[in-house]
Amino acid sequence: MPVVDVDPDELRRFTGHGEKGDDELLDDLFELGLEFEGETEDGLFQLEFEADRLDRLSVEGVARSLRYQYGDDSGVYVPSTNDADWTIEVDESVPDERPYVTGAVIRGLDLDAAGLDSLIQLQEKLHATMGRGRAKGAIGIHDLTMLKGRSRVEGGENSISYRGIDPDGESFVPLDSNDELTPAEVLTDHPIGETYAPLLDGYERYPAIYDDLGLFSFPPVINGRRTEVNTGSRELFVELTGTDQWTIDRMCTIICYALDARGATIERVSVEYPDRTLDRPDFETDEKTVTHRRIERALGIDVDEREVIDLLERAGLDAESDGEADALSYRVSIPPYRTDVLHPVDVIDDIGRAYGFNRLEPEYPDVSTVGGRHERSRHERAIRETLVGLGFEDLLNFHLIGESVNFDRMGLSPADDALGAAEPATIAEPYSRDYETVRTWALPSLLMVLENNTHRRYPQELAEVGLAAHVDSDENTNVAEERRVAGVLARTDASYEDVKGRLASLARAFDVELATPATDHPSFIEGRVASVVLDGEHAGVVGELHPETLVEHGLEVPVVGFELRADALR
């Protein structure tokens, strides 16, 4: 989940509720589903967000949601826009791998230090989530006064061009540099260029954006220093490039809404492709239809027509009713910044949140049977309770993980003959590279927790019972799933004997015979790792984590761990 730093004073200013104290404000944020993770040294709230509500990745977006929750705003809001004075011409030389562009002009912006920090954070959070680390969409924000548009014969408006450039072609001065570099030199000699160089692997020509003075943006890598934005910038040019038009249009919309909240005026931009012209930003609303009966059935409440419409408006939506009695339905308008509303169920979820899920009364379903705990669930609960009794802290981690976290940072390859080495099941359209595959084993998740807990006191003893999966053509679903048991001990004197002792106690608790013959595993130290064999069957691995694995995770104390199949403890 993304974590965003939000200034509580800015939040009070944008909501118009300066009387609210921090505790009351945090309670209101929790009602929105935003969890408080602590404060920065500067007193900023660190809030964990649901990955689908990308419109809340800035203080402006959070304040908008709060104003709807307070009843200060209602219905769909669409910013007014001025006619286009700038054009982005898309040249046929643009690389096929990154063919799409969009943009907007921002005028009359009062950008103080807090506003600039919020804009930069929103840009980077959108890169990390919807933009998939800039691979699917990348944002460039420029000081408009430093651009010189090419005057066009027809209409006289300003024009810039999106085109392809030879890697060793025209040079420019990138941000955080005083030297003129070609695009190829940026990828090898600039720290930001080195970070994003893999995005351009295999490109014969690189994407580039020009004005009448020359190259000023090298997407998706870095902007030119000439158009750098600062607190004195009052007019901005926002451009986005990517592999999908819808994605970059939605990213642009979210940025425009945030800047509109700061009093800016949005000016449209014409995007001229060789075969069509787009008018951007795209502020078109979407529409979903949901029946009254389905709303009541899903939420388990009785509501009348007027109340449903009121709840939808408090959720920032608009609605018109159609029909009567059992045929009553609603045509619901969705604002353009809501990228998460894909189905009528999402509309019902918004109604439930506006109503207040805490107000819902729990009821037994009207069925002839009463549910009970599954045998597998009872078994896993017994494992968890045993692990807690052995001194471990029980965790529940995400099953989705980044491929590099699952393999590279553990010194493992999918082709290795070792626990966790398998072809991963990948997500076709992930929001973020942090959640692009289903993990093939559980230890990487525990190492990530240790990495995030380096500021906490040792020892740290963590365990998890959870899902792991890999591609298997013999399965009907093409994916084989397993339940895994994993544990780690992190402390200054952690050794193989310590973790084997815990493992032996776990085996005794389930009356299975444990053997630990020596083995090899790239994530562990050679000679300090063994197979876990339970009742004569290979079930997992146990040992001391390799120093290179610890360095990858920023850990400065020894870590020992184990992982095995949960069904081996039956």
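Remember, predicted model here, so these are calculated numbers, not experimental data.
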Within 6.0 angstrom of D96 CG, more than 12 heavy atoms from elsewhere: no
Is R331 salt-bridged to D318, cutoff N-O under 4.0 Å? no
Check the orientation of Y203 and Y206. Use parallel for under 30°, tilted for 30 to 60°, and perpendicular for over 60°. tilted
For A539, check side-chain contact (heavy atoms from CB on, under 4.5 Å) against everything at least two apart and list the hits. L534, L564, R565, A568
Would you say that more than 12 heavy atoms from the other residues, nucleotides or ligands in this model lie under 6.0 Å from the CZ of R276, or not? yes
R53 charged N/C atom sitting above F49 aromatic ring, 6.0 Å / 45°: no
Please tabulate, for the side chains in residues 467-475, all donor-acceptor contacts under 3.5 angstrom to protein atoms that are two or more places apart in sequence or on a different chain.
residue, atom, partner, partner atom, Å
D472, OD1, D474, N, 3.0

By salt bridge (charged side-chain N to carboxylate O under 4.0 Å, His left out), which residues pair with E451, not counting sequence neighbours? R409
One pair to check against side chain to side chain donor-acceptor pair (under 3.5 Å): R502 and S505. What are the steps and the verdict? CA-CA 5 Å; R502 301 288 183 93; S505 297; over 6 Å; no
Return the set of residues passing side-chain contact (heavy atoms from CB on, under 4.5 Å) with P517 (not counting sequence neighbours), or none when no residue passes. A515, S531, V533
Side-chain contact test, heavy atoms from C-beta onward, threshold under 4.5 Å: evaluate it for L555 versus L447 and give yes or no. yes
pair F36-F30: side-chain heavy atoms closer than 4.5 Å: no
Relative to each other, are the rings of Y100 and Y273 parallel, tilted or perpendicular (30° and 60° limits)? perpendicular
Between D346 and K288, is there a side-chain N and carboxylate O pair less than 4.0 Å apart? no
Over 12 foreign heavy atoms within 6.0 Å of CZ, R293: no
With sequence neighbours left out, write down each residue that passes salt bridge (charged side-chain N to carboxylate O under 4.0 Å, His left out) with E124, or none if nothing qualifies. R134
Partners of V388 by side-chain contact (heavy atoms from CB on, under 4.5 Å), sequence neighbours excluded? D394
Among residues two or more places apart or on two chains, list those pairs meeting salt bridge (charged side-chain N to carboxylate O under 4.0 Å, His left out) that have a residue in residues 542-551. R528-E544
One thing to verify: whether K500 and E497 come together as a salt bridge, which I'm taking to mean a side-chain N less than 4.0 angstrom from a carboxylate O. no
Table please: side-chain donor-acceptor pairs of residues 395-408 below 3.5 Å, with sequence neighbours left out.
residue, atom, partner, partner atom, Å
N397, ND2, E464, OE1, 3.0
N406, OD1, T440, N, 3.2
N406, ND2, T440, OG1, 2.8

Any side-chain heavy-atom pair of Y330 and I309 under 4.5 Å: yes
Which pairs with one or both residues in residues 531-570 pass ring pair (Phe, Tyr, Trp, His ring centres under 6.0 Å), sequence neighbours excluded? none
Among residues at least two apart in sequence or on other chains, which ones pass salt bridge (charged side-chain N to carboxylate O under 4.0 Å, His left out) with R98? none
Quick check on E526: does its CD atom have over 12 non-hydrogen neighbours (other residues, nucleotides or ligands) under 6.0 Å away? no
Under the rule for side-chain contact (heavy atoms from CB on, under 4.5 Å), what residues qualify as partners of H455, not counting sequence neighbours? N453
Side-chain donor-acceptor pair under 3.5 Å between E296 and H292, yes or no? yes
For H379, check ring pair (Phe, Tyr, Trp, His ring centres under 6.0 Å) against everything at least two apart and list the hits. F510
